[in-house]
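In what follows, every chain begins at residue 1, and chains take the letters A, B, ... in the order their sequences are listed.
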Amino acid sequence: MGLVDKNLSLRNRNKMLIGVWEDEDALLSATQAVVDKGVHIHDVFTPYPVHGLDRIIGVKRSRLARIAFFCGLTGLSLMFTMIWYMYVKDWPVNVGNKPVRFSPSWIPVMFEGTILCTAFGMGIFFFLRNRMLHGIKNDLLDERQTDDRMIMTIETCEGMDEKGLIDLMKEKGAVETREFHQGVQTVI
Amino acid sequence: MKLRLRREMHWIRIDRYYSFVSEKESMTRENDIADADSTDKGEYKHWENVSVIHQPMMCQHCAQAPCETVCPVLATSHSSEGLNQMTYNRCIGTKYCGNNCPYKVRRFNWFRYNDNDKFDFHFNNPLGKMVINPDVTVRTRGVMEKCSFCVQRIQEAKLKVKREGGNMKNVQVETACQRACPSNAIVFGDLHNPDSDISKLHRNERAFSVLDELNVQSSVKYMTKIRNTETI
Amino acid sequence: MIHDSLIRERLVTGDKTAADVTRDISRPILNQPSSAWKIGFTLSLIFLGIFGVSLFWTVWTGIGVWNINKSVMWGWDITNFVFWVGIGHAGTLISAVLLLFRQKWRMSINRSAEAMTIFAVVCAAMFPVFHMGRVWVGYWALPLPNAFGSLWVNFNSPLLWDVFAISTYFSVSLLFWYIGMIPDIATIRDKVKTKTAKFWYNFFSMGWTGSTRSWARYELVSLILAGISTPLVLSVHTIVSADFATSVIPGWHTTIFPPYFVAGAIFSGFGMVATLLVVARKVMNYENYITIGHLEAMTKIIMVTGTLVGIAYLTEFFIAWYSVVEYEQYAFINRATGPYWWAYWSMMSCNLIAPQVFWFKWARTTPWFIFIMSIVVNVGMWFERFVIIVTSLHRDYLPSSWVMYSGSLTEVGLFLGTFGIFFTCFFLFAKFLPVINMSEVKTILRNRE
Amino acid sequence: MGHGHHIEIKQETFSMPSKAKSFTMILMILGLVLTGIGIATIDKTGAGHDAHQTNTEHSATESHEGHEAHEGGHEAHAESEHESGHSADAAHEEHSNVDNEAFGPRIEYHAQEKPWTTKIWSNLLVAGYYFTMISLCALFWYAIQYAANAGWSVTIKRVPEAMLTFIPIAFVVVLIALIFGKDNIYHWAHYEHMGLKPGDTGYDKVLDGKSGFLNTKMLFIFPTVLIIWWYFLGNKLRSLSIQEDNGPKGDTSFFKKSIRFSAAFLVTFGFLISILAWLFMMSVDAHWYSTIFGVYNFATHWVSSIAFIAVFVIYLKSQGHLGLVNKEHQHDLGKFMFAFTVFWAYIWLFQYLLIWYAHIPEEMMYYQIRYENYKPFFLGNFILNFAVPFLFLLMRSAKRSNWVFPAIASVMIIGHYFDVWFMVMPGVFGPGAHIGLLDIGVFLFFLGLFVYWTLNQLQKRGLVAMNHPFLEESVYHDTGV
């Protein structure tokens, strides 16, 4: 898998079916119903995090935690090496007879460096994975998807019962259903 | 003006400690003297037999100097000769060392004294500047300074030995305060040499360090004063 | 499905829908600034001017224009530094610790508290920088190769730890604040009309669409950032306390300083959050979002941390007596009864005694009273730092160096001026960015089924 | 988890399986046997100990100068040797005996004869103090959940409720240890009997100055009053809890009362808990002081108390009880443990760092003796109580595991017991103390007793707090990760 999450791009995709909801519980039961039919949900766009949604549509657990751990480890060793080089190797200076070797007074600086690397390392990967890079234009399906509307997208494929899915969405409380093809949306 | 703000600029100050016979057992508390003063109604009976001890206080060149550890830029450090040295051109003036000195002997250059009309000690004209000791750096504004044990004289002696040969053991370096003291109360020398005068004096039973209980291991020792009196 | 207990108070009142939240919170951004905002902003600019003048005078003439002297070499400068750093702790604490403990009441206040953190850290950083005698070479405190050969920095120095701690804290808080704000910036992006505004909000939203995948990562990253910010918050004030606690000066060298400073920082930080929010909720009509319940929760934390700080004061005092070291004993007796007794007792009454009124429900739920108390807390915490720094230095080991100290006009000006920095930033923030975390507040709207 | 589907809430009762009974019995018997062997093998002449002590204190004081500083000096010197023949510590040599005078009296006074039974009493003190604080911290945990309006923990609240009943038993053990052993454990208590006045030989200004606090009356009366008061509040909370269970459904009056009693407990606990640490632990090294010591003690016991709660919860779960508790609760307990492990390490590190840094003799002495003579202990303490739990609990899977998590918790329980042991023994015995069969036996015995007692208490009421207003919240608790 590449560094950037390609699922997030809406370019070069088949026709998409779009359902719009305004109620969180209705959306949850709708996604569950669609998944139960064995249809893969491409994504759901929501104005706020809806708990449980990621599990229903089968988003894998993010590995950012592990990345953060390794960034932290890198930070720790970098800081240790830096202090060791500057303070022991390159130019040891006798201050107040403090030992010129690892001592408790190294710990604060090492700690801060660890935190800094963890935070920014993870932050960078977060932006990369989320396709949040400048110059990349992400498609907005609805101006209100950052306000109060929740949008489910299903990428169509051969032999998909599109009509049945649209009906299911409507039945499960979708306020609107649309079709999205080559950058054009049509209400159906 | 500067004195009122308590900004004396000297590397060595003379602390005076008074002791006198009192009805009270000790006069160590802050208001004891004032109290005694107010109770004896101008008769000054408390002030008979006041004796004074002078204690010249300058940088003690501690082996475990609390000032050195706290400087972020290593502007004050320990020399291999045991001197607590101050690097003026590295100092950024956090004043942390001054705070952390238990003897309060570090002094700060609050202004650019050497070029300032308000501090008219003739340092701001070419003639006056000729009086300044050429062996000592003129400190700029915003740096810390303190007694250096006349490091310029030590260096001079070392260079002389290097140039002319001989042994440092036989060279007597005199600090400025030592030279100025008419009663030879100040002795300076090499502690590393067990036969030097200073080493002998350090081993003397009268020798003590100030604030010994802090374990800063100062290089300066004082001799207890001996008086020929009946009561202490 | 929300299973909150029925006896819990509503966190957002007024039956708001998600659309209401967007409308209410983006109103100040989409509309012209109110007259209250204009007046406040002008006042802040005046204070900013005071800061500029005082700073120029200090740097131009030398820090001799301050009244610090041969024994009290730190005065208002470091007092103000610790004061502002302390205030800068509540924000990250509210977002981080309360996120970890899943205290949902943090959601309405964390954004402004984090903003406050960042501005307060900026104010704080002014002092250790400009208290340097030669500020133009201040960059020597960074581990850079330099003109003297590669003479590096002193990793033993608590001031150097500060350099690392404050910069890390500032940048990580900024990252935390920014990542948390991205979805809201995207909301604003989709609401603004003008082209310039659209461009900038689009730029900073980084193309956020609200995909479930993004949200999953967003939540995980928030949690991890909260997890690492918590020890970071602790470490920052711990290191600030180490500036004092590592020394040998009686009254400074006390092992309880790290946790006690952290408790004090939370205390003063919540004091400042309360000051700001009591006013902001009124002026910006956010009473439905920042409810009395929120204020009550904050006052409880103020009371608890104030008491913790008080316990530390008493512990220090007791152990000073217990140590039977005359310097220690003298330092503490001198604090309480010496020439600076007024500072000590201001500190005691503002920090330990005053917050105890929050045992009463009335005190916890009356906004104007909370406002007054929050000011009292801020004053008390300033005095705490003044007491620690000045009274410890003015009489330490050798009586020949005992001095008195009082701040000069320039020092007062610098202190007042930092309020200019702080409020200028805060007013700009309130105008251009959503003061309440919209996306999070939307998750707790329907807490009644 | 827990989304969308309904969970049935019903009462459960626990009865101790015979396996648990025999396990705790075996622990206790093994403990007693080891203690017996330990006692039998102690050198009862006592002479050996004394010689040790005297030497120790001498060496400890003499090396106040700072062994580390010298070391540092040497290294710095080694690095800069080419520069000059002089060394940075040339000056030190002059000072090698500086402090002997200042600390003279202490040395003489430490040479007191210590009978061989001291070992038993000091071990009882360690065990009694540890378990008193563990049960007190369980009460603290219980109270703080009320004070913070926490919902998630309701399903496991019966566990700390059972643990806190051990307070009086453990405290009686402390009292026994003090009654029989105080003169030999605490040198100030021994000094108190000597009744020395200023000017007498052996007069110790420091101990005399502390006698307003360090005296026998204080040692017994103050802690006893505190424990009675706290146990009263704990009992009150327990009875409110059972009343709530039996009371009418939806009645929140017991809940509200519990908040008030919790607040009363927390305030008094916060203000006064350090006094126990000062009187029982810090005064072992009577000349030494550290303001953070109370916090340090609290951190130690608080984290081990959480570890105990975790172990009990997972045990009950493994026996098919606590059906309402799921991985989410366990995960949160793990996070608590992780957080307070870091907190403990933070306090531990900074007490050491600040004393190491300032290098003042009267503070150094505590670490001097512990660092020089007990290096494996000193580092082991940090590894066992910080490094191991930190690395494991960082992982999500470890916090949710059914065996890694309780294993780590057990490591911490043992580690922190010996943390307390380490506060006491070097102070009492100088460098001569070591972990023998006696020390292990006493620990095992009280561990068995504590576990037995808690499980027994758990049988006495239902495991689910049926009427608690936050029960539903807790049942559907979701950590979100």
Select one option (side chain, backbone, both, neither) describing which atoms of [X] are under 4.5 Å from chain C's heavy atoms.
X      : value
B:V216 : neither
B:L214 : side chain
B:C101 : backbone
B:E68  : backbone
B:S77  : neither

- Message: Could you go through C:W140 and B:R90, starting from their C-alpha distance and side-chain angles, then the distance that decides it, and tell me whether this counts as side chain to side chain contact (heavy atoms under 4.5 Å, CB included)?
- Response: CA-CA 8 Å; C:W140 286 350; B:R90 177 67 172 170; 3.8 Å; yes
Which atoms of [X] are under 4.5 Å from chain B, going by heavy atoms: the side chain, the backbone, both sets, or neither?
X      : value
C:V65  : both
C:D243 : both
C:W161 : neither
C:Y405 : neither

- Query: If you count heavy-atom pairs under 4.5 Å between each of B:L74, B:V73, B:D15 and chain C, which one has the most?
  - Reply: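 Most pairs with chain C among the choices: B:L74.
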- Message: Please identify, among B:C71, B:A75, B:G98, the residue contributing the most non-hydrogen atom pairs under 4.5 Å to chain C.
- Response: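 Most heavy-atom pairs under 4.5 Å with chain C: B:C71.
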- Message: Rounded to the nearest 0.5 Å, what separates atom CZ in B:R107 from atom CG in C:N69?
- Response: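 Rounded to the nearest 0.5 Å, the CZ-CG separation comes to 9.5 Å.
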- Message: Distance check, rounded to the nearest 0.5 Å: C:S401 atom OG versus B:Y103 atom OH?
- Response: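 It is 12.0 Å, given to the nearest 0.5 Å.
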- Message: Please determine whether side chain to side chain contact (heavy atoms under 4.5 Å, CB included) holds for the pair C:L159 and B:V70, giving the CA-CA distance in whole Å, both sets of side-chain angles, and the decisive distance to 0.1 Å.
- Response: CA-CA 7 Å; C:L159 274 185; B:V70 296; over 6 Å; no
- Message: Tell me whether the count of non-hydrogen atoms from other residues, nucleotides or ligands lying under 6.0 Å of CH2 in C:W57 goes above 12.
- Response: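 Incorrect, the count does not exceed 12.
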- Message: Using a 6.0 Å cut-off, check whether atom CD of B:Q55 has over 12 heavy atoms from anything other than its own residue.
- Response: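 Result for CD/B:Q55: enclosed.
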- Message: Assess the residue pair C:L398 and B:R13 against the criterion (side chain to side chain contact (heavy atoms under 4.5 Å, CB included)); give the C-alpha distance rounded to whole Å, side-chain angles, the decisive distance to 0.1 Å, and a yes or no.
- Response: CA-CA 12 Å; C:L398 300 182; B:R13 69 167 190 264; 3.5 Å; yes
Taking [X] for the side chain and [Y] for the main chain, is one N or O donor matched with an acceptor at less than 3.5 Å?
X      : Y      : answer
C:R134 : B:N89  : yes
C:N154 : B:T69  : yes
B:W110 : C:W66  : no
C:D396 : B:P102 : no
B:K104 : C:P399 : no
B:N99  : C:M73  : yes

- Query: How close do B:R141 and C:W60 get, heavy atom to heavy atom, and via which atoms?
  - Reply: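 Distance-wise, the nearest heavy atoms are NH1-O, 3.2 Å.
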- Task: Quick one: closest heavy-atom pair of C:W74 and B:Y96, and the distance?
- Result: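 Looks like CH2-CD2, 3.4 Å.
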- Indicate yes or no: at least one non-hydrogen side-chain atom of C:V325 is less than 4.5 angstrom from one of B:E213.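 Side-chain contact under 4.5 Å: no.
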- Message: Are the side chains of C:V153 and B:P72 in contact, using a 4.5 Å heavy-atom criterion?
- Response: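 When only atoms from C-beta onward are counted, C:V153 and B:P72 do not touch, as no gap falls below 4.5 Å.
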- Top residue by heavy-atom pair count (under 4.5 Å) with chain B, among C:V137, C:I63, C:V72?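 With the most close heavy-atom pairs to chain B, the winner is C:I63.
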- Message: What residues of residues 409-417 of chain C make heavy-atom contacts with chain B at a cutoff under 4.5 angstrom?
- Response: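 Expected list: none.
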- Start with the C-alpha gap between B:I92 and C:W136, add the side-chain angles, then the distance that decides, and say whether side chain to side chain contact (heavy atoms under 4.5 Å, CB included) holds. CA-CA 8 Å; B:I92 57 175; C:W136 51 94; over 6 Å; no
- Task: Show your working on side-chain hydrogen bond (donor to acceptor under 3.5 Å, both in side chains) between C:S400 and B:R16 and close with a plain yes or no.
- Result: CA-CA 8 Å; C:S400 59; B:R16 284 159 300 176; over 6 Å; no
